[in-house]
Asks: 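A single structure is presented below for examination.
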Amino acid sequence: MSVFTHLVAELGRLMEPVLAESATAAAIVLFTVLVRLALHPLSRAAFRGATPVAGCLPTLLQLPVFFVMYRAFSSSEVAGGANELLGHRLFAAPLGSRWADALGEGGPFGAQGLVFLGLFAAVGVVAAWSAVRGRRAAAAAPAVPVLPVAGTRGGKAVPGGAKGGSRGARAGAGAGRAGAPAALSAEQQAAMRKLGGVLPLLSFGTLVTAAVVPLAAGLYLLTTTAWSVAERAWLQHRKDRAARADGTDGTDGTGGTDGQVAAAGRVAG
């Protein structure tokens with residue numbers, strides 16, 4: 001952790017002539033951007049893979065960085081000495097303070113409270129942007145065929161229903177091997193629709209986190225979340241542009257773009 005505090009402190013000193021007391025806050029934003037630039041190749045690979053697990057990898061790899069950031073602005077001592085980062089501010093709010101501290105120092109509209117309200121507003125805008133993009137991706141995803149219930153045809157019972165159901169299952173398996181989307185039951189379809197409506201809203205959980213962690217950690221969350229949303233939008237734009245240049249519609253053969261099949265995974269990321 002001492003290496004991290006030293007790096008952030010040095011970056012803050014470089015920007016101090018221009019940004020004065022807010023230089024360390026700007027150093028945190030710059031440090032976050034450097035981390036995301038290092039993870040960009042992995043993010044591109046995750047986007048091309050279009051799987052929820054791959055989409056979560058950049059987030060998982062950032063957890064140690066976030067933990068160090070949290071500890072650096074929560075500990076009064078670092079390597080046996082005083083933590084110099086705690087004396088730095090973003091405007092009127094110390095970088096080690098929390099929303100609860102700001103409420104005790106003038107209330108939500110006090111000098112410190114206004115800094116946190118600005119942070120919450122920025123996080124909310126990014127979360128709303130992410131939610132809108134997630135809902136659009138889920139709505140544009142290709143429809144998956146419904147698996148017919150064994151013993152029925154068009155909602156009516158048919159003789160030899162068990163055999164018919166097994167033949168339908170074998171046909172569905174054959175379609176899956178041919179590259180078509182796997183058939184789902186009506187219940188699974190309904191569950192997928194509900195999940196597609198809830199997942200985009202998870203981005204607003206960042207607001208809750210920003211309210212309980214130090215201000216410095218909230219800045220990190222804001223920067224990395226904004227980067228993630230902008231990065232996905234840029235990668236999708238490049239993919240769509242390449243598809244138009246190739247004279248295709250950018251679909252994967254099932255009526256939707258490659259990335260839309262794993263839209264839920266990219267929203268969580």
Side-chain angles (χ1 to χ4, degrees), residues 1-40 43 58-127 129 203 205-231:
M1 188 169 67
S2 59
V3 175
F4 167 79
T5 56
H6 178 74
L7 175 60
V8 172
E10 289 300 321
L11 289 174
R13 290 190 183 97
L14 291 175
M15 293 182 282
E16 192 169 358
V18 178
L19 299 173
E21 286 188 344
S22 299
T24 302
I28 292 172
V29 174
L30 177 59
F31 175 80
T32 309
V33 170
L34 294 176
V35 171
R36 294 311 308 258
L37 280 174
L39 292 175
H40 180 65
S43 298
T59 301
L60 293 176
L61 291 177
Q62 288 184 83
L63 288 179
V65 181
F66 177 77
F67 177 74
V68 171
M69 179 78 69
Y70 177 86
R71 289 292 305 275
F73 286 90
S74 299
S75 305
S76 58
E77 294 185 358
V78 176
N83 187 355
E84 59 178 313
L85 294 179
L86 296 181
H88 296 271
R89 295 172 173 266
L90 174 61
F91 303 117
L95 291 174
S97 64
R98 293 172 169 79
W99 173 237
D101 300 326
L103 293 178
E105 295 290 338
F109 299 105
Q112 295 188 25
L114 290 176
V115 175
F116 276 91
L117 289 179
L119 174 67
F120 297 157
V123 172
V125 169
V126 174
W129 182 22
S203 55
T206 311
L207 274 170
V208 179
T209 306
V212 298
V213 299
L215 177 60
L219 283 175
Y220 180 89
L221 284 175
L222 170 62
T223 307
T224 190
T225 304
W227 179 285
S228 295
V229 180
E231 183 180 55

Asks: Sorted by first residue and then second, give each side chain to side chain donor-acceptor pair (under 3.5 Å) pair with at least one member in residues 20-32; sequence neighbours left out.
Replies: T24-H88
Asks: Between L219 and F73, is any pair of side-chain heavy atoms under 4.5 Å apart?
Replies: no
Asks: State, to 0.1 Å, how close L86 and A72 come at their nearest heavy-atom pair, and which atoms those are.
Replies: CD2-O, 4.4 Å
Asks: Roughly how far, to the nearest 0.5 Å, is the CG atom of L39 from the OG1 atom of T224?
Replies: 8.0 Å
Asks: Roughly how far apart are L207 CG and L222 CG, rounded to 0.5 Å?
Replies: 10.0 Å
Asks: Donor-acceptor pairs are to be reported for all side-chain atoms of residues 90-111 against protein atoms at under 3.5 Å, with residues two or more places apart or in another chain.
Replies:
from: S97; atom 1: OG; to: P94; atom 2: O; distance (Å): 2.6
from: R98; atom 1: NE; to: V212; atom 2: O; distance (Å): 3.2
from: R98; atom 1: NH2; to: Y70; atom 2: OH; distance (Å): 3.1
from: R98; atom 1: NH2; to: S74; atom 2: OG; distance (Å): 3.3
from: D101; atom 1: OD2; to: R98; atom 2: N; distance (Å): 3.0

Asks: Taking only residues at least two apart or on different chains, which pairs with a member in residues 7-18 satisfy side chain to side chain donor-acceptor pair (under 3.5 Å)?
Replies: E10-R13, R13-E84
Asks: Indicate the atoms forming the closest heavy-atom contact of A27 with L11, along with that distance.
Replies: CB-CB, 3.6 Å
Asks: Quick one: list whatever passes side-chain contact (heavy atoms from CB on, under 4.5 Å) with A26, sequence neighbours left out.
Replies: M15, L19
Asks: Pairs in or reaching into residues 208-228: which pass ring-ring contact (aromatic ring centres under 6.0 Å, His included), with residues at least two apart or in two chains?
Replies: none
Asks: Please, which pairs that meet ring-ring contact (aromatic ring centres under 6.0 Å, His included) have at least one residue in residues 11-39, sequence neighbours excluded?
Replies: F4-F31
Asks: Is there a side-chain contact between V126 and V229 in this structure, where contact means two heavy atoms from C-beta onward sitting under 4.5 Å apart?
Replies: yes
Asks: Should L114 and L117 be marked as a side-chain contact (heavy atoms from CB on, under 4.5 Å) after you check the CA-CA gap, both sets of side-chain angles, and the distance that decides it?
Replies: CA-CA 5 Å; L114 290 176; L117 289 179; 4.3 Å; yes
Asks: Under 4.5 Å between any side-chain heavy atoms of L221 and F66, yes or no?
Replies: yes
